[in-house]
Amino acid sequence: QFDDQGIAYLMVQEKKSDFYQKFLYDPFPLESSLGSQLIDHLNAEIVSGTITSIKTAVNYLHWTYLFRRLTKNPTYYNLKKFKKAEDINEYLERLVRSCINQLDE
């Protein structure tokens with residue numbers, strides 16, 4: 001029912017070809033940009049009724065790419081101490097509370 005493979009074509013100017021080929025063969029980590037847009041996302045989910053509390057907001061974030069990258073590269077997101085899962089939950093809760101406070105203003 002679902003495709004399990006695909007083909008992508010990347011067309012670029014010849015002078016930029018080496019630059020893009022490097023990224024095809026030398027992987028680099030992609031980081032989430034959700035943090036910089038989180039206020040808008042939370043606002044939309046609150047209005048739609050998907051998020052109704054701090055807890056549901058944190059649970060919502062558990063399903064995002066941001067959460068996956070937090071576990072792999074916590075220092076990129078200024079998560080200083082990361083010893084256990086509760087550290088990420090505390091970080092996400094602070095992040096959500098900060099966004100909610102900004103929405104209240």
Side-chain angles (χ1 to χ4, degrees):
Q1 171 179 336
F2 298 105
D3 293 337
D4 60 359
Q5 58 182 315
I7 297 174
Y9 293 98
L10 182 61
M11 297 182 178
V12 298
Q13 295 174 343
E14 189 173 346
K15 62 184 177 182
K16 294 185 179 184
S17 175
D18 291 337
F19 174 78
Y20 286 104
Q21 281 184 5
K22 180 184 128 203
F23 291 116
L24 289 174
Y25 300 110
D26 296 334
F28 63 99
L30 293 175
E31 298 301 338
S32 173
S33 62
L34 180 60
S36 64
Q37 305 163 6
L38 187 57
I39 294 172
D40 295 329
H41 286 271
L42 287 179
N43 189 42
E45 297 301 333
I46 290 167
V47 169
S48 72
T50 304
I51 292 176
T52 57
S53 66
I54 301 292
K55 183 179 179 182
T56 58
V58 171
N59 288 340
Y60 171 83
L61 290 175
H62 275 248
W63 292 95
T64 64
Y65 187 64
L66 171 64
F67 179 78
R68 301 291 173 252
R69 292 307 303 160
L70 272 170
T71 61
K72 300 289 185 191
N73 191 6
T75 54
Y76 181 84
Y77 301 95
N78 296 320
L79 180 56
K80 305 287 187 234
K81 60 172 189 148
F82 174 56
K83 303 269 191 279
K84 51 193 180 298
E86 291 83 30
D87 295 336
I88 289 181
N89 285 337
E90 289 173 13
Y91 174 83
L92 291 175
E93 186 172 330
R94 283 194 312 271
L95 192 60
V96 167
R97 287 185 186 281
S98 172
C99 290
I100 299 296
N101 289 339
Q102 290 179 45
L103 286 172
D104 278 343
E105 293 175 358

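Values in this document were obtained by computation on a predicted structure and should not be read as measured data.
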Visitor: Which value, rounded to the nearest 0.5 Å, describes the distance between Ser17 atom OG and Lys22 atom NZ?
Guide: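 NZ of Lys22 is found 13.5 Å from OG of Ser17.
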Visitor: Find out whether Gln21 and Asp18 are in side-chain contact, i.e. whether some heavy atom of one side chain is under 4.5 Å from a heavy atom of the other.
Guide: yes
Visitor: Give, for atom CZ of Phe67 and atom NZ of Lys72, the distance between the pair rounded to the nearest 0.5 Å.
Guide: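 The NZ atom of Lys72 is 11.0 Å from CZ of Phe67, to the nearest 0.5 Å.
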Visitor: Using 0.5 Å steps for rounding, measure from the CG atom of Leu66 to the OG atom of Ser33.
Guide: 9.5 Å
Visitor: Quick check against the 3.5 Å criterion: does Asn43 have a side-chain atom that pairs as donor or acceptor with the backbone of Ile39?
Guide: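 Judged by distance alone, no pair lies under 3.5 Å.
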Visitor: Same hydrophobic cluster for Val12 and Phe19, using side-chain heavy-atom links shorter than 4.5 Å among ILVMFWY?
Guide: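 Val12 and Phe19: one cluster.
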Visitor: Using atom types as modelled and distance alone, determine if a side-chain donor or acceptor of Thr56 lies under 3.5 Å from a backbone N or O of Thr52.
Guide: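 At least one qualifying donor-acceptor pair exists.
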Visitor: Check the pair Tyr76, Arg69 against side chain to side chain contact (heavy atoms under 4.5 Å, CB included), reporting the backbone distance first and the verdict last.
Guide: CA-CA 9 Å; Tyr76 181 84; Arg69 292 307 303 160; over 6 Å; no
Visitor: Give the cluster check for Tyr20 versus Leu30: same hydrophobic cluster or not, with ILVMFWY residues linked at side-chain heavy-atom distances below 4.5 Å.
Guide: yes
Visitor: So do Glu93 and Asn89 actually touch side chain to side chain, heavy atoms under 4.5 Å?
Guide: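 Sidechains of Glu93 and Asn89: no contact.
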Visitor: If I take atom OG1 from residue Thr50 and atom CD from residue Glu45, how far apart are they, to the nearest 0.5 angstrom?
Guide: 4.5 Å
Visitor: Work out which heavy atom in Thr71 is nearest to a heavy atom in Arg68; give both atom names and the distance.
Guide: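 Looking at all heavy atoms of both residues, the closest pair is OG1-O, 2.7 Å.
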Visitor: Could you state the interatomic distance from CZ (Arg97) to CZ (Arg94), rounded to the nearest 0.5 Å?
Guide: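 It comes to 11.0 Å.
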Visitor: Rounded at 0.5 Å granularity, tell me how far CG in Asn101 sits from CG in Leu103.
Guide: 9.0 Å
Visitor: Considering only heavy atoms from C-beta outward, does the side chain of Leu38 approach that of Asp40 to under 4.5 Å?
Guide: no
Visitor: Does the side chain to side chain contact (heavy atoms under 4.5 Å, CB included) test come out yes or no for Ser32 and Tyr77, once each step is laid out?
Guide: CA-CA 9 Å; Ser32 173; Tyr77 301 95; 3.7 Å; yes
Visitor: Could you tell me which non-hydrogen atom of Leu70 sits nearest to which non-hydrogen atom of Leu79, and how far apart they are?
Guide: CD2-CD2, 4.2 Å
Visitor: Pick from Asp87, Thr64, Leu61: which one makes a side chain to side chain contact (heavy atoms under 4.5 Å, CB included) with Leu92?
Guide: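 When side chain to side chain contact (heavy atoms under 4.5 Å, CB included) is applied between Leu92 and each of Asp87, Thr64, Leu61, only Leu61 qualifies.
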Visitor: List the residues meeting side-chain hydrogen bond (donor to acceptor under 3.5 Å, both in side chains) with Tyr91, not counting sequence neighbours, and say none if there are none.
Guide: none
Visitor: Answer yes if the side chains of Glu31 and Tyr65 hold a donor-acceptor pair under 3.5 Å, and no otherwise.
Guide: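 No, no side-chain donor-acceptor contact under 3.5 Å.
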